Amino acid sequence: MTSECLFCRIVAKELPSTVVYETEEILAFRDINPQAPTHVVVIPKAHYPDVASLAEADPALAGAVLAAAAAVARQEGVAESGYRLVFNTGPDAGQSVFHVHCHVLGGRSIAWPPG
Ligand code: AMP
Ligand code: ZN
């Protein structure tokens, strides 16, 4: 999968990224097209195409992604002001990279639904 998947290539350091958090099983890096002042993508290093397949195959790892997202929010200084975690899944959600990733969005009002 490494040669075909963008995020596997980032994990393998074949492509550059701005890493903000890393453990043995998790990598978090800045989104290349940020939608908020804080926009970090948190992924398991192991390849799963989406959050449903991750949660089914390895619930503990899915939990580790959430814990890492919370740690990133603290580290980025948005834990108190608040933040949104997003797992785009499938076409209607506009998922474009099929390696499960949690968007950590914060640093501005980002309530959903808006208003
Ligand atoms: P999604 O639409 O949920 O699949 O999100 C994919 C995200 O990956 C988008 O927000 C992209 O901006 C981001 N992205 C794509 N390529 C890179 C890259 N090389 N480094 C960091 N983020 C990326
Ligand atoms: Zn992958």
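Atoms within a ligand are numbered from 1 in the order they appear, just like the ligands themselves. All figures in this text were calculated on a predicted structure; none of them were measured in a lab.
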Which of the ligand 1 atoms, numbered from 1, are nearer than 4.0 Å to a heavy atom of R30: 21 (C)

Proximal ligand 1 atoms for H103, defined as those under 4.0 Å from one of its heavy atoms: 1 (P), 3 (O), 5 (O), 7 (C), 10 (O)

Atom of H99 closest to the Zn ion (ligand 2), considering N, O or S atoms: ND1

Nearest atoms (heavy-atom pairs only) where A62 meets L54: CA-CD2, 3.8 Å

Residues K45, E24: salt bridge by 4.0 Å N-O rule: no

Among the N, O or S atoms of H47, the one nearest the Zn ion (ligand 2): ND1

Proximal atoms of ligand 1 relative to N88 (non-hydrogen, under 4.0 Å): 1 (P), 2 (O), 3 (O)

Shortest heavy-atom approach to atom 20 (N) of ligand 1 - which of I32, V40, V41: I32

Close approach of L15 to ligand 1, heavy atoms, under 4.0 angstrom: no

Proximal atoms of ligand 1 relative to S96 (non-hydrogen, under 4.0 Å): 1 (P), 2 (O), 4 (O), 5 (O), 6 (C)

Numbered atoms and elements of ligand 1 in range of L6, under 4.0 angstrom, heavy atoms: 15 (C), 16 (N)

Under 4.0 Å to a heavy atom of N33 - the qualifying atoms of ligand 1, by number: 12 (O)

Where ligand 1 meets G94 - atom numbers and elements under 4.0 angstrom, heavy-atom basis: 2 (O)

Scan the side chains in residues 31-40 for donor-acceptor partners under 3.5 Å anywhere in the protein, sequence neighbours excluded, and list what turns up.
residue	atom	partner	partner atom	Å
D31	OD1	N33	N	2.8
D31	OD2	H39	NE2	3.3
Q35	NE2	N33	O	2.8
H39	ND1	Q35	N	2.9
H39	NE2	H103	ND1	2.8

Polar atom proximity, F7 to ligand 1 (N or O, under 3.5 Å): no

